[in-house]
> 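Let me begin by handing over the structure; questions about it come next.
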Protein chains: 2
Amino acid sequence: MLMSVDTDLMRALGDPLRLRIVTLLARETLCTTHLIAETGARQTNLSNHLRVLREAGVVETEPCGRFTYYRLRPEALAGLAEGFGELAELARATRADDRKRACP
Amino acid sequence: MLMSVDTDLMRALGDPLRLRIVTLLARETLCTTHLIAETGARQTNLSNHLRVLREAGVVETEPCGRFTYYRLRPEALAGLAEGFGELAELARATRADDRKRACP
DNA sequence: GACTGACATCAGCATGGGCTGATATTGTCA
DNA sequence: TGACAATATCAGCCCATGCTGATGTCAGTC
């Protein structure tokens, strides 16, 4: 089964701060206040990045009083891992067989 | 062992045309002329994208007369797959244990 | 050597998107 | 209800980057 990699998901994860957020959330569910403390980013900036991650399906929110917890959605990352794993496997086979299209 | 995901590599792959190039190259080693025909992009544009992919370590080149073959480097994609696989695994465990930092 | 074709590089333009300050919204507590 | 704290939204600035036309470079062919 071939999974294609989602460009929007890649774009969402192709930013240093967002990738930092994701690695933090992989270990612990956190709310914005924690993320501000951990990353040193401004609240507005962080809120924007979290919106991007939310819209890309990378994270989901859980309100807790006046706080908002952010939690990773493992399926999104697992899907990426699978997609790139299949591409890597294909590329390995292509290279092993030296499969190349002839010069025109 | 924990692999961190390379932001530059992600940025390189977070573009629709570049991702298209990568999926094409996974199946077949091609030269620029083929990629122009497959994608419909201009030569200059394609050349720029290929430079980004080359500098990110995603592809490598093999000159063949006046043509230049582009070949994927499976290690790059495999590393990404592994990194995201580990992050997904971590996230699953975090979610399963409901591991969250207390509201401050 | 002149020419052609494949590819890279350069300069310029235009859009996207990241960062910020200001403001709105929502929930909690006194 | 009034005050405050946590978060989202908005408008604007600015830089990174994608696209393009023009040009440079190198290899093969006549």
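Per chain, numbering begins at 1; letters A, B, ... match sequence-line order.
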> Mind listing the residues from residues 37-45 of chain A sitting with a heavy atom below 4.0 Å of DNA chain C? Number order is fine.
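Output list: Arg42(A), Thr44(A), Asn45(A).
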> Show the nearest heavy-atom pair for residues Ala26(A) and Leu87(B), with the distance to one decimal.
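Looking at all heavy atoms of both residues, the closest pair is CB-CD2, 3.7 Å.
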> Quick one: side-chain contact (heavy atoms from CB on, under 4.5 Å) partners of Asp97(B), sequence neighbours excluded?
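For Asp97(B), the residues satisfying side-chain contact (heavy atoms from CB on, under 4.5 Å) (neighbours in sequence not counted) are Arg99(B).
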> Compare every heavy atom of Leu17(B) with every heavy atom of Leu46(B), then report the nearest pair and how far apart it is.
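Scanning both residues completely, I find the closest heavy atoms to be CD1-CD2, 4.4 Å.
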> What does Ser47(A) touch in the nucleic acid at a heavy-atom separation under 4.0 angstrom: a base, only the sugar-phosphate, or nothing?
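Base contact.
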> Kindly give the heavy-atom pair with the smallest separation between Ala76(A) and Gly57(A), and that separation in Å.
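Smallest heavy-atom distance, with atoms named: CB-O, 3.6 Å.
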> List the atom of Leu53(A), the atom of Ala12(A), and the distance in Å for their closest heavy-atom pair.
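Answer, listing the atom of Leu53(A) first, then Ala12(A): CD2-O, 4.0 Å.
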> Residues in salt bridge (charged side-chain N to carboxylate O under 4.0 Å, His left out) with Glu62(B), at least two apart?
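Residues passing salt bridge (charged side-chain N to carboxylate O under 4.0 Å, His left out) with Glu62(B): Lys100(A), Arg71(B).
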> Nearest 0.5 Å, what's the OG1-OH distance between Thr61(A) and Tyr69(A)?
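OH of Tyr69(A) is found 13.0 Å from OG1 of Thr61(A).
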> For Gln43(B), check side-chain contact (heavy atoms from CB on, under 4.5 Å) against everything at least two apart and list the hits.
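Partners of Gln43(B) under the side-chain contact (heavy atoms from CB on, under 4.5 Å) test: Ile36(B), Ser47(B).
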> Check side-chain hydrogen bond (donor to acceptor under 3.5 Å, both in side chains) between Arg101(A) and all other residues, then give those that pass, not counting sequence neighbours.
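Arg101(A): side-chain hydrogen bond (donor to acceptor under 3.5 Å, both in side chains) contacts with Glu28(B), Glu38(B).
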> Same cluster or not: are Leu24(A) and Val5(B) linked, directly or through other Ile, Leu, Val, Met, Phe, Trp or Tyr residues, by side-chain heavy atoms under 4.5 angstrom apart?
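In one cluster with Leu24(A): Val5(B), yes.
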> Considering only heavy atoms of chain B and a distance under 4.0 Å, specify the first and last nucleotide of DNA chain D in 5' to 3' order that meet this criterion.
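Span of nucleotides near chain B: dT17(D) to dG28(D).
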> Who are the side-chain hydrogen bond (donor to acceptor under 3.5 Å, both in side chains) partners of His49(A), not counting sequence neighbours?
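With sequence neighbours excluded, His49(A) shows a side-chain hydrogen bond (donor to acceptor under 3.5 Å, both in side chains) to Arg18(A), Asn45(A), given in chain and number order.
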> Sequence neighbours excluded, which residues qualify as side-chain hydrogen bond (donor to acceptor under 3.5 Å, both in side chains) partners of Arg73(B)?
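Applying side-chain hydrogen bond (donor to acceptor under 3.5 Å, both in side chains) to Arg73(B) gives Glu75(B).
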> Can you sort out which residues in residues 62-71 of chain A have a heavy atom within less than 4.0 Å of DNA chain C? Ascending by number, please.
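Output list: Gly65(A), Arg66(A).
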> With the threshold set at under 4.0 Å for non-hydrogen atoms, list the residues of residues 48-60 of chain A touching DNA chain C in residue-number order.
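Result for residues 48-60 of chain A: Asn48(A), His49(A), sorted by number.
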> Could you tell me which residues satisfy side-chain hydrogen bond (donor to acceptor under 3.5 Å, both in side chains) with Arg95(B), sequence neighbours excluded, listed by chain and number?
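With neighbours one apart ignored, the set is Glu60(A).
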> Show, in sequence, the C-alpha distance, side-chain angles and deciding distance for Ile21(B) and Val59(B), and conclude whether the side chain to side chain contact (heavy atoms under 4.5 Å, CB included) test is met.
CA-CA 10 Å; Ile21(B) 294 172; Val59(B) 303; 5.6 Å; no
> Atom CG in Leu25(B), atom CG in Leu35(B): separation rounded to 0.5 Å?
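These two atoms lie 5.5 Å from each other.
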> What is the 5' to 3' range of DNA chain C, first to last nucleotide, that sits under 4.0 Å from any heavy atom of chain B?
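Under 4.0 Å from chain B, the extent on DNA chain C is dG5(C) to dC10(C).
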